[in-house]
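Read through the structure below, which is laid out as structure tokens, and then see the notes.
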Amino acid sequence: SSGSAGTSGTRFDLERETELRFEVEAGERVQLELLTGLAEVFGSELNRNKKYTFGPGSKIAVFTWQGCSVSLSGKTEVAYISKDTPMLLYLNTHAALEQMRRQAEKDNERGPRVMVVGPTDVGKSTVCRVLLNYAVRLGRRPTLVELDVGQSSVSVPGTMSALCIERPADVEEGFSVQAPLVFHFGSTTPGTNIKLYNKLTSSLAEVFSQRCEVNRKASVGGCIINTCGWVKGSGYQALVHCASAFQVDVVLVLDQERLYNELKRDLPHFVRVVLMPKSGGVVERSKDCRRDTRDEKIREYFYGFRGTSFYPHAFDVRFSEVRIYKIGAPSIPDSCLPLGMSQDDTQLKLVPVSPGRDLTHHVLSVSSVDDDAEVGAEQSRGILESPVCGFVVVTAVDTQAQVMTVLSPAPRPLPRHTLLIMDIRFIDLK
Ligand code: ATP
């Protein structure tokens with residue numbers, strides 16, 4: 001039922017409960033316009049006669065409950081209508097969660113805490129977005145907990161975060177990120193430091209629970225937790241840990257029966273574990289594609305969406321002004337550990353980094369920890385568990401002059417002077 005090409009693009013007429021899927025070609029842009037009827041993109045409603053622009057590599061589904069017609073202009077890699085979508089299942093899931101919120105409201109209890117799991121490329125983030133959008137459209141205030149350190153939808157890669165959702169996601173930009181709670185993890189896979197990963201999961205759960213105690217809407221709204229696609233070995237254990245830390249009520253398992261059975265076996269019986277199909281529209285992403293998305297996310301942090309809204313600053317920071325740490329000492333054989341020290345201790349240890357050339361291009365988190373805090377064993381915990389207040393990228397290092405140049409969203413001086421180094425690098429091509 002794809003239609004004729006007009007001056008303003010190609011027209012597509014969609015029947016009810018179908019979706020138009022398209023991908024934007026590399027280096028291209030595509031404009032979408034809703035001409036008649038009602039439609040949504042991942043749970044966010046489209047406005048009629050407004051042009052939405054999607055950048056290179058975007059993979060989008062325009063879904064309609066009632067039927068609609070839309071037009072696309074620009075170069076798409078693919079564009080087709082599918083009648084086979086799991087959206088009705090997702091809507092039913094939402095309805096069940098909403099029922100739980102209503103019950104929570106009545107009984108003065110807390111709302112549903114939902115963990116979304118599955119291997120890579122099954123649409124976990126998309127399901128989270130749809131469920132959050134449907135909840136917030138009903139006036140709920142759910143929290144998005146983002147544990148995917150490779151592809152965070154909230155902050156730069158290498159972070160774990162929580163965000164209170166107050167309005168539907170912007171069709172082009174996603175959820176507006178004002179005042180998220182962000183922790184430094186430092187790399188794009190949990191396996192780099194699983195102890196730290198689990199610890200930060202617990203920290204987020206604790207902060208969320210505290211918020212629920214003082215904020216009734218947050219408590220009733222519950223949370224939707226997006227997780228990593230690593231579902232074996234320690235990755236699986238991390239999911240079990242997360243379920244217990246957040247005391248989740250519902251686990252949505254996308255597309256993997258084995259994972260579903262394992263979680264059913266290992267989680268307490270009162271946790272509802274539900275197997276859900278993935279959407280045929282979810283597109284597998286290559287390593288390069290993931291790297292590009294990560295880069296884009298960092299660029300967005302400094303330059304704003306599509307590089308037009310923010311103007312970052314570059315300035316020099318003297319080595320003596322800051323203290324830089326890496327979290328986690330390289331693991332050493334158990335037999336070589338100092339007396340009374342366990343492997344856990346080494347993974348959560350703060351290791352001072354002396355600034356040198358190799359810092360160049362690294363992303364550094366600026367810890368919100370008090371500058372005057374002494375760094376002893378006690379304080380190291382303080383730094384691990386302190387949220388991040390921003391990020392900088394080292395663009396140059398002058399060892400002679402003992403200064404480094406940083407790219408920063410705000411002008412000098414740095415808001416705080418404790419910096420945590422990430423494995424992640426960003427080369428600023430602006
Ligand atoms: P990860 O492996 O990073 O955890 P994921 O399982 O969270 O991935 P998503 O990020 O939700 O997967 O989806 C992967 C890609 O597929 C995204 O670019 C998303 O926009 C796209 N996508 C999801 N659903 C559809 C759909 N129905 N039609 C077209 N594209 C879709």
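In each ligand, atom 1 is the first atom listed, and ligand 1 is the first ligand listed.
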For a salt bridge (Lys or Arg N to Asp or Glu O under 4.0 Å) check, start with the C-alpha distance between D121 and R285, then their side-chain angles and the critical distance, and finish with the verdict. CA-CA 7 Å; D121 294 324; R285 287 170 297 176; 3.4 Å; yes
Less than 4.0 Å from some atom of ligand 1, heavy atoms are found in residues E19, R21, F42, K59, I60, A61, T120, D121, V122, G123, K124, S125, T126, D148, Q151, S279, G281, V282, V283, R285, R290
Donor-acceptor contact present, side-chain S365 to main-chain S367, <3.5 Å: no
Check: C289 main-chain N/O paired with T293 side-chain donor or acceptor under 3.5 Å: yes
Output yes when a side-chain donor or acceptor of S58 lies under 3.5 Å from a complementary backbone atom of I60, and no otherwise. no
Applying ring-ring contact (aromatic ring centres under 6.0 Å, His included), name anything that partners Y197, two or more places apart in sequence or on another chain. F185
Regarding E98 and R101, does a basic nitrogen lie under 4.0 Å from an acidic carboxylate oxygen? yes
